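For reference, the structure is listed below as structure tokens.
All values derive from a computational prediction rather than experimental measurement. Order of the sequence lines sets the chain letters (A, B, ...), proteins ahead of strands, with each chain counted from 1.
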Amino acid sequence: MHEFSLTKQIVRIVNNTAADHHAKKVNKVHLVVGESSGIIPDSVQIYFDMIAVGTAAEGAQLVIKYIKPQMLCPNCNKYFIRPRFSFACPDCGTLGNPTDIGSEFYVESIELDT
Amino acid sequence: MANEDIKVMENIYNENDRIADEIQKGLSSKGIYAINVMGAPGAGKTSCLINIIKGLPEIQSYVIEGDIESDIDTVKLKEIGIETVQINTYGECHLDGSLIASTLEKVNFDKQGLLFIENIGNLVCPAEFSIGENIKLLISAVTEGDDKPYKYPLAFQKAAVILLNKTDLLPLVDFDIDYFSEGLRALNPYAPIFTVSAKTGEGFSEVCSWLKAKL
């Protein structure tokens with residue numbers, strides 16, 4: 001829902017990095033997106049194409065790595081992928097604790113023409 | 001021309017978080033304790049605020065009202081003498097750091113006290129953006145259903161305090177408070193949960209005492 005303002009930040013990060021490396025063109029942008037971050041990747045690409053016009057990032061392809069949300073079972077001390085509408089550990093049924101795994105949203109790397 | 005792969009590892013929320021940190025420093029230097037009030041549309045955010053502010057007459061309260069459109073809530077608060085500034089986002093689903101930074105210039109903090117920032121009615125996006133608050137207060141109403149912590153985990157996970165509102169309607173709705181609490185506790189083991197009714201005023205003296213102890 002808030003992809004526009006976040007994509008502006010992505011373009012800013014990408015163009016700053018490109019400028020630091022004196023690059024004329026950005027070929028690819030590798031993003032890491034946790035599935036509980038609420039980000040709709042298709043919207044990010046649409047906004048990216050619009051916002052990046054006229055900058056080094058124009059025409060760059062977004063490559064997205066998805067991360068499944070995981071919880072930590074306090075009983076088994078093991079991570080598990082969060083089931084829908086439940087927080088129960090699949091092995092013992094104890095409710096898992098939230099972790100940061102699955103809420104990622106960052107620019108991992110970019111590929112540049114230098 | 002060479003294709004070069006550059007490690008970046010920059011969080012996309014960094015810029016917002018930096019602005020939020022500055023807001024937080026500025027507010028604390030004025031003795032202002034800021035509360036980010038989150039909840040779904042119709043959860044009773046403004047009505048709960050009115051109960052809290054009336055229950056703390058000795059403390060100066062300020063309100064920033066965030067709405068996509070309209071100033072209905074601001075008019076309501078100003079009518080009962082509460083200092084309120086309106087923000088309209090015209091479509092944007094949440095408040096963010098830069099929006100709050102520019103709005104704070106319009107608030108005259110002549111006394112120290114509490115700043116309530118009522119976020120856009122939405123359980124998704126507001127949880128993602130820090131706005132310089134000390135704590136997030138989440139209002140959930142029994143009419144929304146008992147499955148909300150399971151469906152919107154982040155909002156419940158990040159809240160420092162939860163108000164379960166409209167409890168006067170409990171006999172009329174199928175709301176399993178144990179199922180609600182179980183999901184909430186898995187995400188957020190320690191945040192206090194207050195059962196309240198903004199309609200009858202029940203439960204707000206406990207909320208006010210808890211808030212007062214925070215100052």
Side-chain angles (χ1 to χ4, degrees), chain A residues 1-14 16-18 20-34 36-39 44 69 71-74 82-89 94-100 102-114, chain B residues 1-19 68 89-99 119-129 145-159 178-179 181-191:
Chain A
M1 286 168 94
H2 43 256
E3 283 75 5
F4 180 70
S5 50
L6 292 171
T7 307
K8 278 199 286 192
Q9 296 301 326
I10 298 174
V11 175
R12 181 187 60 82
I13 293 168
V14 168
N16 284 351
T17 311
D20 287 348
H21 292 83
H22 311 289
K24 290 176 265 331
K25 191 176 173 344
V26 180
N27 295 323
K28 282 183 186 173
V29 177
H30 293 268
L31 293 177
V32 176
V33 179
S36 67
S37 68
I39 305 298
V44 175
M71 299 191 97
L72 179 62
C73 174
R82 194 175 75 209
R84 280 169 65 93
F85 303 132
S86 158
F87 303 137
C89 167
T94 306
L95 296 185
N97 300 127
T99 70
D100 287 336
S103 62
E104 299 80 357
F105 190 36
Y106 61 91
V107 181
E108 185 175 44
S109 64
I110 63 176
E111 293 179 33
L112 302 170
D113 269 349
T114 52
Chain B
M1 287 227 283
N3 192 45
E4 216 183 317
D5 203 348
I6 310 290
K7 274 261 166 290
V8 182
M9 304 301 283
E10 183 170 346
N11 190 308
I12 292 149
Y13 289 100
N14 267 2
E15 178 66 6
N16 184 70
D17 291 346
R18 186 188 62 74
I19 297 169
I68 291 182
T89 60
Y90 299 108
E92 192 78 85
C93 48
H94 61 276
L95 301 174
D96 64 16
S98 52
L99 201 49
N119 221 311
I120 309 295
N122 179 344
L123 281 176
V124 189
C125 320
E128 303 275 1
F129 291 82
D146 48 23
D147 54 6
K148 288 302 154 293
Y150 303 90
K151 288 187 172 178
Y152 302 94
L154 193 66
F156 286 88
Q157 184 183 329
K158 287 195 167 180
D178 292 334
Y179 180 63
S181 306
E182 195 181 44
L184 175 53
R185 280 293 171 242
L187 296 166
N188 193 336
Y190 306 113

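We find the CG-CD distance between B:Asn14 and A:Gln9 to be 9.0 Å, quoted to the nearest 0.5 Å. Within the model, atoms OG of A:Ser5 and CG of B:Leu99 stand 10.5 Å from one another, a figure rounded to the nearest 0.5 Å. Rounded to the nearest 0.5 angstrom, A:Ser109 OG and B:Glu4 CD are separated by 11.5 Å. Separating the CG atom in A:Leu112 from the CD1 atom in B:Ile6 is a distance of 5.0 Å, to the nearest 0.5 Å. Considering CG of A:Asp113 and CG of B:Asn3, their distance stands at 6.0 Å, rounded to 0.5 Å. To the nearest 0.5 Å, the span separating CD on A:Glu104 from CG on B:Asn11 amounts to 9.5 Å.
Ion pair B:Glu10/A:Arg12 flagged as a salt bridge, since at least one NZ, NE, NH1 or NH2 atom sits closer than 4.0 Å to an Asp/Glu carboxylate oxygen.
Contacts between A:Asn97 and chain B at a heavy-atom distance below 4.5 Å involve backbone atoms as well as side-chain atoms. For B:Leu187, the parts lying near chain A are the backbone and the side chain together; criterion is any non-hydrogen pair under 4.5 Å. Only the backbone of A:Ser86 has a heavy atom closer than 4.5 Å to any heavy atom of chain B. Contacts of B:Tyr179 with chain A are made by side-chain atoms alone, with heavy-atom separations under 4.5 Å and no backbone atom involved.
Remark: B:Tyr13 pairs with B:Phe129 by the ring pair (Phe, Tyr, Trp, His ring centres under 6.0 Å) rule, at least two apart or across chains. Residues passing the ring pair (Phe, Tyr, Trp, His ring centres under 6.0 Å) test with A:Phe87 are B:Tyr150, sequence neighbours excluded.
Closest approach of A:Pro98 to B:Ala186, counting heavy atoms only: CD-O, 3.2 Å.
For B:Asp5, the CG atom counts as densely surrounded, since its 6.0 Å shell holds more than 12 non-hydrogen atoms of other residues, nucleotides or ligands.
Between A:Val107 and B:Met9, every side-chain heavy-atom pair lies at or beyond the 4.5 Å cut-off. For the pair A:His2 and B:Glu92, the minimum side-chain heavy-atom distance is below 4.5 Å. Considering only heavy atoms from C-beta on, B:Ile12 comes within 4.5 Å of A:Leu31 through its side chain. Looking at heavy atoms from C-beta onward, B:Glu128 lies out of side-chain contact with A:Ser103 at the 4.5 angstrom threshold.
Put simply, of A:Val32, A:Thr17, A:Leu6, the one with the most heavy-atom pairs under 4.5 Å next to chain B is A:Leu6.
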